[in-house]
Amino acid sequence: MAVCIAVIAKENYPLYIRSTPTENELRFHYMVHTSLDVVDEKISAMGKALVDQRELYLGLLYPTEDYKVYGYVTNSKVKFVMVVDSSNTALRDNEIRSMFRKLHNSYTDVMCNPFYNPGDRIQSSGSVSLSRAFDNMVTSMMIQVC
Amino acid sequence: MMSKNDGEIRFGNPTELHGTKVQIPYLTTEKNSFKRMDDEDKQETQSPTMSPLASPPSSPPHYQRVSLSHGYSKLRSSAEQMHPAPYEARQPLVQPEGSSSGGPGTKPLRHQASLIRSFSVERELQDNSSYPDEPWRITEEQREYYVNQFRSLQPDPSSFISGSVAKNFFTKSKLSIPELSYIWELSDADCDGALTLPEFCAAFHLIVARKNGYPLPEGLPPTLQPEYLQAAFPKPKWDCQLFDSYSESLPANQQPRDLNRMEKTSVKDMADLPVPTQDVTSDDKQALKSTINEALSKDVSEDPATKSGLLPPPPALPPRPCPSQSEQVSEAELLPQLSRAPSQAAESSPAKKDVPYSQPPSKPIRRKFRPENQATENQEPSTAASGPASAATMKPHPTVQKQSSKQKKAIQTAIRKNKEANAVLARLNSELQQQLKEVHQERIALENQLEQLRPVTVL
């Protein structure tokens, strides 16, 4: 179960970031921001080869004492960063991968919407949500039992 | 505006119609048919561009008596005029469903109550669904309207409308972008960035409902699901309207979908001009002929056949297509496609026409409607397709006008074809991208397995 999920655009600005409200959200934002460096490092390290050979799932970016941060990057350099609680030892790598896969699918669905301009924030505006399905999917990921 | 709509709905003021056309230049950009509109008030096909604004023909109940096309055109013109409340005319459409079912908070659009009542009554009779959500049910006339609008964007009813095309189209409805985005999210069930005909109908219906003040639902109502929509409009009712302008649809097209289209478009198509469809193939024509006497479901395959039949002769198209398939074909096409669409419509219409005639018309109203359409349609198609036959049979139209319009139609036809090709390619592109995505996922899975086998992890 993730405590924070963020979608970062190619230019390294956040398209979507959401964390469990109990914690200090700013802390998660900061963690996600610092993880971007690690992501870039991994991309460049693997980037010698062709992009096709580069794996999308980046794995554990860096662990802290309380949390672990996982990363995933798409072919269009859109990054997904997920922060999970370290106490969730039962969370296996495969589960993280599947969560990222779901994220990627939902993100693709958002992209398919012609009214969504790439580069816009994925957000709810008032009563109508631009990405209700995406929100719901992220919510399910954040409250699911690990 | 409502009262205005009423007046127009009842008997449309020609002056008003013409006036409206001028006011809405953006609506006519895509379809030159608007010019034709002036000539043919009853033409429904011409206002496809304005679809978001024009109210669907379903609202006026008496339209069915008078003529659907007439009603449509009137609605359209009124819609054009009234930008601020483009969907008001549609309210009767929504209300009948609500009133008939005693449904969710009847809207205060009762000035058209009389129309609505009669319309709702009619709708109730036709309503077979057992779903409780009346406002989300698409009536037959609404469906026809949607299908025609679909055709104006994408002549092939079995194909898709790309995202950008649909975006431009729906943006004309003047709803906010977040709302449109949400509607898209609801209606694009397979999330492929393109709208099929049922998806398009659902989206259009949601827009109409929203314009009329209904809040958007949390999820896609069952009556708007693509499966439901494809099955919800059985042909038997639409016998008379089988002129379906399918024309280009592949024989493999889903029959239920075809039926719907045929039903909807057929009415209009019948009156279409005998535009010869260039795509007609002899095989199709034969198929069409053979199936004519069969159930409507066969029409799909027939459509292409009709096309072929059309091409060879530009015979005079009698108002009743029974004898001449070609006429039907041309008629079918023209109606929905504003005179540009070539053969496709024509194909379907002939097929449909034969079928309906062979069967006892279930709806006399529609028959009546058709002649009018034919008359009006004929004028259009003849000019576009340079179909002498149609011209001869259709209402007398100024020959000079026809000639000039013929050239325009030829150009429009070419443009249409290119647009169709573009739409198909765009669709292909999106599909390929989907496949690419899937392949990537497979790759990820495989790499994952590989990782498990390897002692060294990514870290």
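Since this is a predicted model, take the numbers as computed values, not measurements.
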Honestly, the part of A:Phe100 sitting under 4.5 Å from a heavy atom of chain B is neither
Quick one: which of A:His104, A:Arg101, A:Met111 has the most heavy-atom pairs under 4.5 Å with chain B, could you say? A:Arg101
Checking A:Asn117 against chain B: side chain, backbone, both or neither under 4.5 Å from a heavy atom? side chain
What are the two closest heavy atoms between A:Pro114 and B:Gly163, and how far apart are they? CB-O, 3.3 Å
Less than 4.5 Å apart, side chain to side chain, heavy atoms only: is that true for B:Asn448 and A:Asn94? yes
Grab the two heavy atoms, one from B:Asp192 and one from A:Cys112, that are nearest each other, plus how far apart they are. C-SG, 4.1 Å
Measuring from B:His440:NE2 to A:Thr108:OG1, what's the distance to the nearest 0.5 Å? 10.5 Å
From A:Phe134 atom CZ to B:Glu185 atom CD, the distance as rounded to the nearest 0.5 Å: 11.0 Å
Nearest 0.5 Å, please: how far is OH in A:Tyr72 from CD1 in B:Ile444? 3.5 Å
For A:Asp109, what residues pass the salt bridge (charged side-chain N to carboxylate O under 4.0 Å, His left out) criterion, not counting sequence neighbours? none
Taking the side chain as C-beta and beyond, is there a heavy-atom pair between A:Arg97 and B:Glu451 under 4.5 Å? yes
Using heavy-atom distances under 4.5 Å, tell me whether B:Gln433 contacts chain A through its side chain, its backbone, both, or neither. neither
Pairs involving residues 31-40 of chain A, ordered by first then second residue, that meet side chain to side chain donor-acceptor pair (under 3.5 Å) (sequence neighbours left out): A:Thr34-A:Tyr62
Turns out that what part of B:Lys437 lies under 4.5 Å from chain A's heavy atoms comes down to side chain
